[in-house]
There are 2 protein chains.
Amino acid sequence: MPHECKVETALDILVGKWKPVILFHIFQEEVLRFSELQRLIPDITKKMLTTQLRELEYHDIINRKVYAQVPPKVEYSITDYGKGLTPLLDSMHNWGLSHLEHLDQIYGESKLEKNN
Amino acid sequence: MPHECKVETALDILVGKWKPVILFHIFQEEVLRFSELQRLIPDITKKMLTTQLRELEYHDIINRKVYAQVPPKVEYSITDYGKGLTPLLDSMHNWGLSHLEHLDQIYGESKLEKNN
DNA sequence: CTGGATCCACTTTGATACTG
DNA sequence: CAGTATCAAAGTGGATCCAG
């Protein structure tokens, strides 16, 4: 089989309880410090924020810039390569949006989360 | 905020240890019986196959057709609505494919899975 | 300020046996 | 054939404390 399915590969990069929201904020703000991400995502713990950022960094989606100063300052931003995710994220967002409407039509708007 | 990110919504539908491969086979074969899916995905247990199929069915991605006969016969197929996932899955596959190459360039081809 | 390290709770998945 | 039920194992996320 010369042609294999790599959907899972893409999923692996985006999946993780906090990765979408982290990416959302960094895409939107361009550059964010660790503490700013914490403030934007109140429920995340430092541990999770760190690990999710590290994974995104490993995949060259985000950049980690450390300022050699005290107190420490670290800025996260989307890499040029990472910006290539934009069309895919848009597609996923749009499909997700329309899917919520579809579920509404099928099951009614009960028991569907409106929050976010 | 009138415009919220629904990337997670899309992720929720596709995520699950076996969902991508299940969808892959049903998309490819059009119609598959429970036992045929088991054969195509040797490592999956009946329990997981059942639950993942149920979730996809709940989201109206696949159709479950039960033949009232003995021994039982159940066929799974992609719904018309589910076929709307094709562009998204293609995008994810293509991005995943190029991402593997990108990782190769960064880290070399060591420690990257070649199997699948 | 930006983490790392540990320990624990919860969730997800797997193994196995059983059933209409 | 196509599941369900039960229990065990593994994986994931959270709470807390420590550190440069």
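First the proteins, then the strands, lettered A, B, ... as listed; each starts at 1. None of these values were measured; they are calculated from a predicted model.
- Not one N or O on the side chain of E75(A) forms a donor-acceptor pair closer than 3.5 Å with the backbone of V31(A).
- Side-chain nitrogen and oxygen atoms of W18(B) include at least one within less than 4.0 Å of the OP1 or OP2 phosphate oxygen of dG14(C).
- Protein atom CG of L37(B) is 13 Å distant from nucleotide atom C1' of dG3(D), rounded to whole Å.
- Taking atom CD1 on I44(B) and atom C1' on dA15(C), their separation rounds to 14 Å, with Å as the unit.
- The distance between atom CD1 of I41(B) and atom P of dG14(C), rounded to the nearest whole Å, is 12 Å.
- Rounding to whole angstrom units, CE of residue M48(B) and P of dT4(D) are separated by 13 Å.
- Spacing between atom CG of L53(B) and atom P of dG3(D) amounts to 8 Å, rounded to whole angstrom units.
- Under 4.0 angstrom from either OP1 or OP2 of dC1(D) there lies no side-chain N or O belonging to Y76(B).
- I13(A) has its side chain within reach of H59(A): a pair of non-hydrogen atoms, C-beta onward, lies under 4.5 Å apart.
- The side-chain heavy atoms of E29(A) and L32(A), taken from C-beta on, include a pair separated by under 4.5 Å.
- Put simply, the side chain of F27(A) reaches to within 4.5 Å of the side chain of L89(A), judged on heavy atoms.
- Y81(B) and H99(A) have their aromatic ring centers within a separation under 6.0 angstrom.
- Rotation axes derived from the C1' atoms of the five outermost pairs at either end of the helix from dC1(C)-dG20(D) to dG20(C)-dC1(D) lie 50° apart, to the nearest 10°.
- In this structure, Q38(A) places its CD atom 8 Å from C1' of dT2(C), rounding to the nearest Å.
- Proximity of residues 68-75 of chain B to DNA chain D (heavy atom under 4.0 angstrom from any strand atom) is restricted to P71(B), P72(B), K73(B), V74(B).
- Computed from coordinates, the K65(B) NZ to dG3(D) P distance equals 15 Å when rounded to whole Å.
- Comparing K47(B) and F34(B), the nucleotide of DNA chain D nearest to each residue sits closer to the 5' end for F34(B).
- Separating the OG atom in S91(A) from the CG atom in D90(B) is a distance of 11.0 Å, to the nearest 0.5 Å.
- Contact check, R33(B) against dA2(D): a side-chain N or O comes under 4.0 Å of OP1 or OP2.
- Considering only side-chain N and O atoms, S35(B) lies under 4.0 angstrom from the phosphate OP1 or OP2 of dA2(D).
- Evaluation of atom-type donor-acceptor distances gives no pair under 3.5 Å for the side chain of K17(B) against the base of dT13(C).
- Protein atom CD1 of I62(A) is 14 Å distant from nucleotide atom P of dT2(C), rounded to whole Å.
- Dashed line: the shortest gap from a side-chain N or O of R54(A) to OP1 or OP2 of dG4(C) is under 4.0 Å.
- Remark: K6(A) does not engage E8(A) in a salt bridge, criterion side-chain N to carboxylate O under 4.0 Å.
- Contact check for I44(B) versus L37(B): no side-chain heavy atoms found under the 4.5 Å cut-off.
- Side-chain contact between L11(A) and P20(B) is present, with at least one heavy-atom pair separated by less than 4.5 Å.
- Of all non-hydrogen atoms in M48(A) and T51(A), the two that sit nearest each other are O-OG1, 3.1 Å.
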